[in-house]
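I have placed the structure first, in the form of structure tokens, so that the comments after it can refer back to it.
From a predicted model like this one, the values you see are computed outputs, not experimental measurements. Scope of the values below: all heavy atoms of this structure, side chains included, with no hydrogens, waters or symmetry mates. Chain letters run A, B, ... following the sequence lines, proteins first and then strands; every chain starts at 1.
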Amino acid sequence: MSVPAGSSVSFGARLTTTYPLANGGRSYGSDDARRVLWCFDSSSAPAVETWAKMSTAEKATRVRFAPSPTGALHIGGARTALYNWLAARHDGGTMVLRIEDTDLERSTPENVAQILDALRWLDLDWDEGPISQVGRANDHAAALQKLLDSGAAYPDSATAEDVKAWKAEHGADRGYRGTPSGDGSGAIRLRVPDDGDTVVDDLIRGEVRFPNRSYDDFVIARNDGSVLYNFAVAVDDADMGITEVIRGDDHLSNTPKQLLVFEALGIKPPRYAHVPLLHGPDGKKLSKRHGAASVQELRDAGYLPEAIRNYIALLGWGPGDDETLLSTDDLVERFRPEDVGKSSAVFDEKKLRWMNGRYMREMPAWEYLEAVRSFVEAETGGRPLNEERFEFGCRIVQEKAQTLREVWPLIRFLFEPPVQDDKAWRKVMKGEAARVLTEVEALLIGIADSGEGPNHDGFAIEAVQSVLEPLPEKLDLGAGKVFQPIRVAITGTTISPGIFESVAALGREETLARIEVARSKLADQS
RNA sequence: GGCCCCGUGGUGUAACGGUUAGCACGCCAGGUUUUCAACCUGGAAGCGCGGGUUCGACUCCCGCCGGGGCUACCA
């Protein structure tokens, strides 16, 4: 699966937040609920399976990624999405995208759009959805009624204060136990047994036991019938036939509650794999503070989707050998949720940069060019650039740049006058610099105009190299003493592509003019 | 406070009862008679602490310490 280069750097999401169900997206809700499904252009959404018609035996791996749209997609969320995606693709399973938007306050259409955009940009597609959790209200209500009827759940008029008081009386390790209100008032709580443990058989952590008595008879729905997270998740995972729940560690302690809901519903729960959380460089939970933490920020910083996938896959998971550079196909082939490590990892942008550089070098020329283009346009405001020169410039820095964003600063001198960098000038333009530039000018003028080279003026890389390379020895100077003055003269700084390439790219006329300017400035200062 | 998870160099990981504790990023030095980058070579740097079990523990058990999560009529 690949995406045209053009779309890999633009967010052309045609997401709509309109309510009519626009495509054949599988609905898990009633007709009523259909009207509140999040819909998006189906052009990138694969055909949908008819899960309901399948027999149990046919129900292969079904995973889901269920972000809560309370902000941009985080690097940690992206990793969870990737792990789910890899697990699904690994054995031809199905990935469901579910939007946990029951938090009316924080869930916004903008946030949903942003998350979908990020997922699409990362090239992590889903087979079903996006499904709005809010849109499943009727199904939640039905499940709730079932529990009420069976007595597994009950209305309790206790307030938060009442619960607190109850716990103060019964001990801190004792979960609250309420009593049904006679009149049906109060929030709906699930009955939790006093004895025994609820054990989570986790793919990553093994069996984790939680004493039932430490859990409250927790609230699963408000009195108006609106359901709460731990209940909605369990009902949804059950209805959607999810076989493997791969999610963040922060949900481990909530899992027993969901298991209790499954039990009350009489449905076999899925398997769980709780992946460790990602931490920032300071060891704390990853947050916006820690630099480029969201997918969109990473994209804006010039990282490639495939590099990001490779990098985040390795945050907590390894292929078992010493391989570091793994293509997405490798990842799909080798990833298994049970191989994910148990300890939290720290996002290290330095390594991502290195890895991104490796991927940039591997990119086909046209793809690399198109990817760079949008970054350059952002810098230049879309001002037209000489295409031939642009392409040549990009080519000579492909080996050097580590992010798409770093390309422009390196080739900028080809389109603009040298930058003013006093520090670089002082460091280089001294001693033999004037003599060197005089010598260089003469040599460059001597290059015959064969019509070769990027500017068709004889300044081909080889031609430039053949006259400049012997110069240090000829002048009995170090290479740096000879080449740095040229670099500063034509670019203004000490950092640029290779010097022969730079001179060739700039061309005869402009190179000589800049050297001339530098020479006179040098003459003035002495 | 209660319940739970985690602990190999700065970072990500491998080894899982017996290895000189491997690999990658980063860092330092040198090389590539062109800076930066890339590339090559070399280097510094690690099993949180204390008890056990064992002929032998990074690997098993216990305690401690440290980090984290959950503990909402949030998700």
Side-chain angles (χ1 to χ4, degrees), chain A residues 66-70 100-107 133 156 158-160 163 167 171-175 186-189 200 202 204-205 208-211 213-216 218-224 226-230 232-233 248-257 274 276-277 279 281 283-285 311 314-325 341-355 357-358 361 397 399-402 406 410 424 427-428 465 468-469 472-473 477-484 486-488 493-502:
Chain A
S68 160
T70 54
E100 314 231 305
D101 52 2
T102 52
D103 184 343
L104 23 292
E105 298 297 307
R106 297 183 294 172
S107 301
Q133 195 162 53
D156 177 15
T159 63
V163 173
K167 296 181 88 162
D173 64 339
R174 187 73 245 263
I188 313 299
R189 291 179 183 274
V200 179
D202 197 272
I204 295 170
R205 287 154 211 286
V208 185
R209 320 188 75 87
F210 296 85
R213 62 174 276 125
S214 68
Y215 282 88
D216 292 339
F218 59 102
V219 177
I220 57 177
R222 302 180 181 91
N223 193 55
D224 65 3
S226 61
V227 296
L228 265 26
Y229 176 75
N230 284 119
V233 167
D249 211 356
D250 49 341
H251 291 284
L252 183 56
S253 297
N254 279 149
T255 306
K257 295 182 185 173
H274 287 96
L277 258 24
H279 287 192
K284 299 242 177 67
K285 189 179 176 183
Y311 177 72
L314 260 22
L315 246 29
W317 173 84
D321 53 25
D322 288 336
E323 296 299 318
T324 301
L325 265 5
K342 295 177 179 177
S343 55
S344 56
V346 174
F347 172 63
D348 175 19
E349 195 172 346
K350 291 248 185 67
K351 190 163 184 174
L352 207 211
R353 282 175 60 82
W354 165 79
M355 194 171 277
R358 297 294 298 251
R361 268 172 272 151
V397 298
E399 295 283 306
K400 176 191 289 281
Q402 288 190 298
E406 287 167 19
L410 287 168
K427 186 179 170 190
V428 172
Q465 180 167 2
L468 292 186
E469 197 166 36
E473 194 177 345
L477 289 171
K481 291 268 187 253
V482 174
F483 299 121
Q484 285 299 74
I486 305 175
R487 198 183 308 273
V488 171
T493 80
T494 56
I495 298 173
S496 83
I499 193 65
F500 310 133
E501 289 87 341
S502 296

Between B/G68, B/U35, B/A75, which nucleotide has the shortest distance from any of its atoms to the side chain of A/Ile495?
B/U35
More than 12 heavy atoms of other residues, nucleotides or ligands under 6.0 Å from NZ of A/Lys481: yes or no?
no
Taking 4.0 Å as the cut-off, does a side-chain nitrogen or oxygen of A/Thr102 come that near to OP1 or OP2 on B/A75?
yes
Tell me, please, which residues at least two apart from A/Tyr229 pass ring-ring contact (aromatic ring centres under 6.0 Å, His included).
A/His251
Dot-bracket for RNA chain B, 5' to 3', counting Watson-Crick or G-U wobble pairs under 3.5 Å, with [ ] for crossing pairs and | for inter-strand pairs?
(((((((..((((....[...)))).(((((.......)))))....(((((..]....))))))))))))....
Report which part of the nucleic acid A/Ala424 touches: base, sugar-phosphate, or nothing (heavy-atom distance under 4.0 Å, all strands).
nothing
Between P on B/U35 and CD1 on A/Ile499, what's the gap in Å once rounded to a whole number?
11 Å
Between atom CZ in A/Arg222 and atom C1' in B/A75, what is the gap in whole Å?
11 Å
Taking salt bridge (charged side-chain N to carboxylate O under 4.0 Å, His left out) as the definition, give me every residue that meets it alongside A/Arg487, ordered by chain and number, with sequence neighbours left out.
none
Atom CG of A/Asn223 and atom C1' of B/C73 are separated, to the nearest Å, by 10 Å
Integer-rounded Å distance: B/U13 C1' and A/Met355 CE:
11 Å
Pick the P atom in B/C25 and in B/G63, then give their distance to the nearest Å.
40 Å
Separation of atom CG in A/Asp322 from atom P in B/A24, rounded to whole Å:
7 Å
What distance, rounded to whole Å, do you find between the two C1' atoms, one in B/A15 and one in B/G9?
15 Å
So what does A/Thr493 hit on the nucleic acid, given a heavy-atom distance under 4.0 Å: a base, only sugar-phosphate, or nothing?
nothing
Determine whether A/His274 and A/Thr255 satisfy the following criterion, side-chain contact (heavy atoms from CB on, under 4.5 Å), listing intermediate values before the conclusion.
CA-CA 10 Å; A/His274 287 96; A/Thr255 306; 3.0 Å; yes
Which residues satisfy the side-chain hydrogen bond (donor to acceptor under 3.5 Å, both in side chains) test with A/Asn254, sequence neighbours excluded?
none
Residues in side chain to side chain contact (heavy atoms under 4.5 Å, CB included) contact with A/Asp348, at least two apart in sequence or another chain
A/Tyr311, A/Lys350, A/Lys351
Ignoring hydrogens and angles, are the base of B/G12 and the side chain of A/Asp348 linked by a donor-acceptor pair under 3.5 Å?
no
Touch check for A/Thr324, heavy atoms < 4.0 angstrom, all strands: base, sugar-phosphate only, or nothing?
sugar-phosphate
Set of residues satisfying salt bridge (charged side-chain N to carboxylate O under 4.0 Å, His left out) with respect to A/Glu501, sequence neighbours excluded:
none
Atom P, compared across B/C5 and B/U11: separation rounded to whole Å
24 Å
For A/Asp202, what residues pass the salt bridge (charged side-chain N to carboxylate O under 4.0 Å, His left out) criterion, not counting sequence neighbours?
none
Closest of B/A75, B/U71, B/G68 to the A/Gln133 side chain is B/A75
To the nearest angstrom, the NE2-P distance between A/His251 and B/C70 comes to 9 Å
Could you go through A/Asp250 and A/Leu277, starting from their C-alpha distance and side-chain angles, then the distance that decides it, and tell me whether this counts as side-chain contact (heavy atoms from CB on, under 4.5 Å)?
CA-CA 7 Å; A/Asp250 49 341; A/Leu277 258 24; 3.7 Å; yes
With heavy atoms under 4.0 Å as the rule, sort A/Leu228 into base, sugar-phosphate or nothing.
sugar-phosphate
Nearest-Å distance for atom pair CD/C1', residues A/Glu323 and B/A15:
17 Å
Hits for salt bridge (charged side-chain N to carboxylate O under 4.0 Å, His left out) against A/Arg361, two or more places apart or cross-chain, chain-then-number order -> none
Separation of the C1' atoms in B/C36 and B/G67, to the nearest angstrom:
38 Å
Assert: residue with more 5' nearest nucleotide on RNA chain B, out of A/Gly320 and A/Pro472, is A/Gly320
For RNA chain B, whose closest nucleotide is more 5', that of A/Glu501 or that of A/Glu100?
A/Glu501
In this structure, how many angstroms lie between the C1' atom of B/U35 and the CG atom of A/Leu477, rounded?
16 Å
Indicate, with a heavy-atom threshold strictly under 4.0 Å, whether A/Phe500 touches base, sugar-phosphate, or nothing.
base
Contact pattern, 5' to 3', of nucleotides 1-9 of chain B - B, S or - by protein heavy atom under 4.0 Å:
SSSSSSS--
Check every strand shown and say whether A/Gly341 touches a base, only sugar-phosphate, or nothing at a heavy-atom separation below 4.0 Å.
nothing
P-based separation of B/A38 from B/A29 [nearest Å]
15 Å
Taking all non-hydrogen atoms of both residues into account, name the closest pair between A/Tyr215 and A/Ser253 and its distance.
OH-O, 2.8 Å
Decide yes or no, distance alone: a donor-acceptor N/O pair under 3.5 angstrom between the base of B/A38 and the side-chain of A/Lys400.
no
Same-atom distance (P) from B/C23 to B/U35, integer angstrom:
28 Å
Base of B/A75, side chain of A/Asn254 - is there a donor-acceptor contact under 3.5 Å?
yes
Can you tell me, in whole Å, how much space there is between the P of B/U19 and that of B/G7?
22 Å
Using a cut-off of under 3.5 Å, enumerate the N/O to N/O pairs linking the protein to nucleotides 39-49 of chain B.
unit_1: B/C39; atom_1: OP1; unit_2: A/Arg358; atom_2: NH1; d: 3.4

Show your reasoning for whether salt bridge (Lys or Arg N to Asp or Glu O under 4.0 Å) applies to A/Arg189 and A/Asp216.
CA-CA 9 Å; A/Arg189 291 179 183 274; A/Asp216 292 339; 5.5 Å; no
Proximal nucleotide (of B/U33, B/G26, B/A75) relative to the A/Lys350 side chain:
B/G26
Which residues pass the side-chain hydrogen bond (donor to acceptor under 3.5 Å, both in side chains) test with A/Ser344, sequence neighbours left out?
none
I'd like the P distance from B/U33 over to B/C40, given in whole Å.
16 Å
In a check of side-chain contact (heavy atoms from CB on, under 4.5 Å) between A/Asp101 and each of A/Ser68, A/Pro67, A/Ser107, which one passes?
A/Ser107
With A/Ala187, which residues qualify under side chain to side chain contact (heavy atoms under 4.5 Å, CB included), at least two apart?
A/Val219
With a non-hydrogen cut-off below 4.0 angstrom, is A/Gln402 in contact with a base, only sugar-phosphate, or nothing?
sugar-phosphate
